[in-house]
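The structure under discussion appears below in the form of C-alpha cells.
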Amino acid sequence: MAKKWALRSILAYLLLGLFLYVYLFFLADSTLPDMYKGSSADPATFMNGKEIMLSEDFSKIKNLLFFLSTPYEWLFYFLILILGVSRVFEKWARGTVKNGFLQTAIYLFWLSIASFLAIFPLQYISHSISKSYNISTQTFSMWMKDEITDFWVNYLLMFIIVSVLYGLMKRFRQRWWLAAWALSVPFTIFMMFVQPVLIDPLYNDFYPLKDKALEEQILTLADKANIPTDHVFEVDMSEKTNSLNAYVTGVGSNSRIVLWDTTLEKLTDREILFVMAHEMAHYVEKHIYIGIAIYLFLSFFGLFLTAKLMRGIVANHKEDMKVSSVSNLSSLPLFLMITSMLLFTVSPLSNWISRYQETRADRYAIEMTGDKEAAISSFQKLSKVGLSQVNPPLLVKVFRYGHPTMLERLTMLEEYEAEKNEE
C-alpha cells in the first residue's frame, strides 16, 4: 500500500509540473495592454529587445521553480512518512540516547539532512539559472557557504521550536496548539528584535553608510517622518547579486535602515531618496507591527487546524503514516506538511495585504519626495536589473507577488500626478 501511494503521489506531482509548465510557457498572458503602450510602464521605453526577451524567459523559469518547490516539499514529507523513514529516524534517536532533548536533536538532525539533500537539486538549479542570467554573482563556494549557514541557523531554530512544541504535545494533549500559539507571540517579537544584530550578520557585512552626504539627506528624510535613527547601514551584496534592494528591519531600538551596495551603485541619489521614503513609510504606518498582528491572528487558526488535522489523520491512518501518536517525533513531517499547505492556501490573502501596504508606501514616498521622475526611473531600473515581468500572469501575481506589479506601481505614479494636477 505504501509503495502504491508513493507512486501515485510522485505521478500527481509530475502531472502538476506538466500543467504548470504548459500554463506558464504557453497559456499565461503577460503582454502589456494596448492602453499602456508607450507609457512609462511599457518595457520598450526602458529596455532593449534582448532585455525584454531575457526578462520574459527568466521570469517564466523562476515562476515555474517557485510553483514546483512548495508541492515538492509536501511530496518529500509525505514520502518519508508513508515509507517509514521518519519512524526510522525516531528509532535511531531513541536507540542512541535516553535524554528527550538529545533525542529531538538527533531526530531533527537526520530529518534536516534528508530535507537538505532532497531540496538541494532545486536550490542548485535556481542558483545556476540566476547565475546564467547575470542576476546572481556568487561563486559556487560562496553559495554553498550560505546554504550551510542556512542549514545550521534553521536547525538551531527548529530544535528550539520542536523541543518546545513536542513538550507541549505531551503535556497538553488536546490544547497544545493554544499553548504553542501563546508562546509564539513573545518568540516572534524576540526574533524580529535580534534578527538585525545576530542573524543577518552571519550572511553579510553591515557597516555605516560611507557616503555621508547621502546619509545626511536620508536622516533628514527620516527626521521629517519622525523616525528615531542615527545611522543608515549599507550591506555588501554585490558579491552575491546584481539585484537592488533597501529595507527597514528590526523593532524597537534595533530598527535599522539598510541599503544594498548595488542600490547605491546603480541608483541616483534622488532615486535612493524615493526608495528610502518608501521604506520609511512601513515604519510610519506601523506595517511591521500590523504584520506581526496579522501573523499571530492567522497562526492562531492555523495551529488549531493543524492540531485538528493531525489528530484526525493519525487516528484514522496511523498504519499508513507509520505514526502511532501525534506527540511522537515521527509525526513532525506531518506537522510540517500541514502547516506548509495551510501557509500556501492563505498566501493569496497575505500577499494581497502586503501589496496593499506596499501601494500605501509608494504613495507615501511620492507625497514625501514629490519627485515623480525619480520614482518612475527607480521602478524601471528595479524591473530592468531584476529581469522581472512588468505585467505577470494573474496566478503568479496572486501566489507570488507581495509587491504590486511594476505596471500597477508605474500606473499609480501617473494617476497620482493627474490627481495632483486636478487639485
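In what follows, residues are counted from 1 in the order of the sequence shown. The basis for the numbers below is simple: all heavy atoms, side chains too, and nothing from hydrogens, waters or symmetry mates.
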Inset, instruction - Give the intermediate values and the outcome of side chain to side chain donor-acceptor pair (under 3.5 Å) for residues N328 and S324. - result: CA-CA 7 Å; N328 284 4; S324 57; 2.7 Å; yes

Legend entry - Heavy atoms from other residues, nucleotides or ligands near CZ of R400 exceed 12 (cutoff 6.0 Å): yes

Legend entry - Proximity of F344 and F399 rings by center, below 6.0 Å: yes

Legend entry - Qualifying side-chain hydrogen bond (donor to acceptor under 3.5 Å, both in side chains) pairs with a residue from residues 175-191, counting only residues at least two apart or across chains: W181-S299

Legend entry - Side chain proximity check, L267 to T262, heavy atoms < 4.5 angstrom: no

Inset, instruction - Using the side-chain hydrogen bond (donor to acceptor under 3.5 Å, both in side chains) rule, collect all pairs that involve residues 97-108, keeping only residues at least two apart or in two chains. - result: S86-Y107

Inset, instruction - Please answer whether the main-chain N or O of Y283 pairs with a side-chain N or O of Y289 as donor and acceptor at a distance below 3.5 Å. - result: no

Legend entry - Ring-ring centroid check F76 Y72, cutoff 6.0 Å: no

Legend entry - ring-ring contact (aromatic ring centres under 6.0 Å, His included) assessment of W143 paired with F120: CA-CA 12 Å; W143 177 75; F120 183 82; 5.6 Å; yes

Legend entry - Closest approach of T339 to L336 (non-hydrogen atoms, all atoms of both residues): OG1-O, 3.0 Å

Inset, instruction - Any pair with a residue in residues 381-391 that passes salt bridge (Lys or Arg N to Asp or Glu O under 4.0 Å), sequence neighbours left out, goes on the list, sorted by first then second residue, please. - result: E51-K384, E271-K381

Inset, instruction - Please name the pair of heavy atoms, one in V323 and one in S330, separated by the smallest distance, quoted to 0.1 Å. - result: CG2-O, 3.7 Å

Inset, instruction - Evaluate whether atom NZ of K212 has more than 12 neighbouring non-hydrogen atoms of other residues, nucleotides or ligands under 6.0 angstrom away. - result: yes

Inset, instruction - Please answer whether the main-chain N or O of S136 pairs with a side-chain N or O of K131 as donor and acceptor at a distance below 3.5 Å. - result: no

Legend entry - Side chain T263, main chain L259, donor-acceptor under 3.5 Å: no

Legend entry - Smallest separation among heavy atoms of D371 and A374, with atom names: OD1-N, 3.2 Å

Legend entry - Test side chain to side chain contact (heavy atoms under 4.5 Å, CB included) applied to F159 and F109, step by step: CA-CA 9 Å; F159 172 69; F109 176 77; over 6 Å; no

Inset, instruction - Check whether any side-chain heavy atom of F187 lies under 4.5 Å from a side-chain heavy atom of V164, and answer yes or no. - result: no

Inset, instruction - Considering non-hydrogen atoms only, spot the tightest contact between L410 and A41 and give its length. - result: CD1-CA, 3.6 Å

Legend entry - Sub-4.5 Å side-chain heavy-atom contact between L264 and L214: yes

Check: residues 232-241 side-chain donor-acceptor pairs under 3.5 Å, at least two apart:
| from | atom 1 | to | atom 2 | distance (Å) |
| --- | --- | --- | --- | --- |
| E234 | OE2 | K210 | N | 2.8 |
| D236 | OD1 | S238 | OG | 3.2 |
| S238 | OG | D261 | OD2 | 2.8 |
| K240 | NZ | D146 | OD1 | 3.4 |
| K240 | NZ | D146 | OD2 | 2.9 |
| K240 | NZ | Y203 | O | 2.7 |
| T241 | OG1 | I135 | O | 3.2 |
| T241 | OG1 | S243 | N | 2.9 |
| T241 | OG1 | S243 | OG | 3.3 |

Legend entry - Centroid-centroid under 6.0 Å between Y166 and F335 rings: no

Enumerate, atom names and distances included, each donor-acceptor pair closer than 3.5 Å involving a side-chain atom of residues 217-227, sequence neighbours excluded.
| from | atom 1 | to | atom 2 | distance (Å) |
| --- | --- | --- | --- | --- |
| T220 | OG1 | E216 | O | 2.8 |
| K224 | NZ | M368 | O | 3.3 |

Legend entry - Point-to-point distance, once rounded to the nearest 0.5 Å, from CG of L68 to CG of L24: 8.5 Å

Legend entry - Y401 OH to N351 CG distance, which is reported to the nearest 0.5 Å: 11.5 Å

Legend entry - side chain to side chain donor-acceptor pair (under 3.5 Å) between H278 and E358, worked out: CA-CA 8 Å; H278 169 98; E358 294 295 338; 2.7 Å; yes

Inset, instruction - To the nearest 0.5 Å, tell me how far L342 CG sits from L305 CG. - result: 6.0 Å

Inset, instruction - Measure the shortest side-chain to side-chain distance between D57 and Y133 over non-hydrogen atoms and say whether it is less than 4.5 angstrom. - result: yes

Legend entry - Polar side chain donor-acceptor pair, S40 to Q380, under 3.5 angstrom: no

Inset, instruction - Answer whether the closest heavy-atom distance between the side chains of S130 and K62 falls below 4.5 Å. - result: yes

Inset, instruction - Name the orientation class of the two ring planes belonging to F301 and F297 (parallel below 30°, tilted from 30 to 60°, perpendicular beyond 60°). - result: perpendicular

Legend entry - Separation between OG of S340 and OH of Y77, rounded to the nearest 0.5 Å: 7.0 Å

Legend entry - Within 6.0 Å of CZ in F151, more than 12 heavy atoms from elsewhere: yes

Inset, instruction - Any chance you could measure L413, atom CG, to S378, atom OG, to the nearest 0.5 Å? - result: 8.0 Å

Inset, instruction - Please check if atom CZ in F190 has more than 12 non-hydrogen atoms from other residues, nucleotides or ligands closer than 6.0 Å. - result: no

Inset, instruction - Look at the side chain of S331 and the backbone N and O of L334, then say whether any donor-acceptor pair between them is shorter than 3.5 Å. - result: no

Legend entry - Listed partners of K145 passing side chain to side chain donor-acceptor pair (under 3.5 Å), at least two apart: none

Legend entry - S30 vs E56 side-chain heavy atoms within contact, under 4.5 Å: yes

Legend entry - S327 side, atom OG; M169 side, atom CE - distance, nearest 0.5 Å: 8.0 Å

Inset, instruction - Could you tell me if the ring centre of F26 sits under 6.0 Å from that of Y21? - result: yes

Inset, instruction - Would you name the heavy atoms of N242 and N134 that are closest together and state the gap between them? - result: ND2-O, 2.8 Å

Inset, instruction - Look only at the side chain of S9 and the backbone of A6, and say whether a donor-acceptor pair between them is shorter than 3.5 Å. - result: yes

Legend entry - S163 side chain to I160 backbone, donor-acceptor under 3.5 Å: no

Legend entry - CZ (F140) with more than 12 external heavy atoms under 6.0 Å: yes

Inset, instruction - Taking the side chain as every heavy atom from C-beta outward, state whether L81 and F78 have any atom pair closer than 4.5 Å. - result: no

Legend entry - Side-chain donor or acceptor of S115 paired with backbone N/O of S112 under 3.5 Å: no

Inset, instruction - Measure the shortest side-chain to side-chain distance between E285 and Q357 over non-hydrogen atoms and say whether it is less than 4.5 angstrom. - result: no

Legend entry - Side-chain ion pair, R355 and E408, N-O less than 4.0 Å: no

Inset, instruction - Answer yes if the ring centres of Y13 and W74 are under 6.0 angstrom apart, and no otherwise. - result: no

Legend entry - More than 12 heavy atoms of other groups within 6.0 Å of W92 CH2: yes

Inset, instruction - Please report the shortest heavy-atom distance between I338 and I313, naming the atom on each side. - result: CD1-CD1, 4.1 Å

Inset, instruction - Can you establish whether the number of heavy atoms outside R171 located under 6.0 Å from its atom CZ is more than 12? - result: no

Inset, instruction - Step through the shown structure and confirm whether more than 12 heavy atoms of other residues, nucleotides or ligands are within 6.0 Å of NZ on K308. - result: no

